[in-house]
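In listed order, ligands and their atoms are each counted from 1.
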Amino acid sequence: MSRIAEARVIATCPGRNFITLKVVTEDGLHGLGDATLNGREMAVFSYLNDHVIPTLIGRDAARIEDTWQYLYRGAYWRRGPVTMTAIGAVDTALWDLKAKAAGMPLYQLLGGRSRDGVLCYGHANGEDVAATVEEVGRYLKLGYKAVRAQCGVPGLPSTYGVSKDKMFYEPAGAAVPEENVWSSEKYLNSVPELFSALRKEYGFTPHLLHDVHHRLTPIEAGRLGKALEPYALFWMEDPTPAENQESFRLIRSHTTTPLAVGEIFNAIWDCKDLIENQLIDYIRCTVTHAGGITHLRQIAALAALHQVRTGCHGATDLSPVSMGAALHFDLSVPNFGIQEYMRHTPETDAVFPRAWRFDNGYLHPGEAPGHGVDINEALAAEHPYRPASLPVNRLEDGTLWHW
Ligand code: CS2
Ligand code: MG
């Protein structure tokens with residue numbers, strides 16, 4: 001493979017913002033990486049444009065590991081979501097290029113197929129228990145084997161994961177964050193009823209998942225995990241903010257409900273203690289925010305030593321490029337758990353033609369060379385970037401809380 005001749009960052013907003021890095025080699029091949037950091041897109045855009053791309057021109061595109069080390073150690077200011085998303089985009093683009101140059105789907109370079117398909121989960125949500133139960137049923141009819149359920153909380157005007165639009169959930173709205181109201185007490189008193197109703201309606205065959213979204217204290221998370229044990233969840237996600245990895249020991253001591261964490265992690269150091277002490281069951285990092293394929297493989301290898309499985313983040317704000325690369329990783333990694341699959345809008349899918357597909361509860365990356373996702377730059381240009389921020393959360397007394 002030859003040297004990098006040019007690289008450019010493409011900002012587009014087909015319904016929501018995406019930042020894509022395109023790397024082109026002297027022999028005319030191109031590779032793509034997703035560089036979308038929801039609500040902070042322009043920070044990564046500038047990091048790539050101003051601080052990374054000038055160093056890429058002329059580099060040997062085949063030297064993926066050396067480039068990773070160059071961008072990580074060479075940055076001096078290590079880690080962090082902006083830096084690691086930029087590195088992730090470069091790394092993913094270089095893996096895409098290497099597989100294209102070899103004329104094979106990316107999973108073949110990662111060790112080949114370890115499974116026939118990638119089990120995924122969809123997002124069902126509703127304003128109340130009855131609406132959420134009905135929505136989970138709709139996902140089961142679409143063929144999903146696993147469904148995340150998020151429900152409105154009685155007494156709260158809104159809550160995470162519940163949207164008017166049932167298929168496409170997009171939390172980033174106004175340029176200046178809107179303010180949501182939260183009550184852990186109201187939430188804790190309502191969640192068990194949802195899963196009791198779901199198991200009564202659908203039995204124990206479907207995998208059911210739930211995202212707490214960082215909002216409980218460790219002891220509250222232990223209480224919720226214990227209350228949900230009769231409903232055998234596949235996982236309870238982000239039960240408490242995970243900067244203090246040690247706090248998961250308290251949760252673990254109170255419940256056997258499996259725990260999943262990591263979508264906001266960006267380096268192996270963020271999850272090393274959680275994994276080595278088996279304080280979690282699934283690690284949620286994915287290629288976009290955790291330094292690309294190269295670093296995600298290291299996280300997965302550490303996780304495998306401790307029987308922790310992967311559960312890559314796959315929200316709408318991760319582009320089809322991210323999903324494509326993640327699926328090749330998912331197909332090959334030995335300790336695979338599940339892949340999140342929040343569908344993109346038809347507008348987004350038109351900008352990012354892709355080989356991957358959904359079939360009866362499983363995702364398949366396809367056999368196209370590389371990760372199998374491209375970008376229609378002319379169409380991308382028709383959707384200019386628009387500032388959008390994630391909401392902030394306050395308790396009912398006004399205290400700023402975790403969103
Ligand atoms: C969520 C995300 O998919 C998930 O599990 O936590 O929707 C998350 O809120 C967004 O990715 C934030 O941009
Ligand atoms: Mg989540």
Using only heavy-atom distances, determine whether the side chains of E220 and Y187 contain a donor-acceptor pair under 3.5 Å. no
With the Mg ion (ligand 2) as the point of reference, which N/O/S atom of E263 is the closest? OE1
So for ligand 1, is H123 a polar contact partner (N or O within less than 3.5 Å, distance only)? no
Aromatic plane relationship, H289 with H313 - under 30° parallel, 30 to 60° tilted, over 60° perpendicular: tilted
When you compare ligand 1 with Y121, is there at least one nitrogen or oxygen pair between them that comes in under 3.5 angstrom? no
Around atom 9 (O) of ligand 1, find the nearest protein heavy atom and jot down its residue, atom name and distance. H213 NE2, 2.8 Å
Who's the nearest protein heavy-atom neighbour of atom 6 (O) of ligand 1, and how far? E263 OE2, 2.5 Å
Are T348 and P320 side-chain neighbours, meaning at least one heavy-atom pair lies under 4.5 Å? yes
Give the residue, atom name and distance (to 0.1 Å) of the protein heavy atom nearest atom 1 (C) of ligand 1. Y160 OH, 2.8 Å
With a 4.0 Å cut-off on heavy atoms, is W403 in contact with ligand 1? yes
What N, O or S atom of E237 is found closest to the Mg ion (ligand 2)? OE2
Is D211 close enough to the Mg ion (ligand 2) to have an N, O or S atom under 2.8 Å? yes
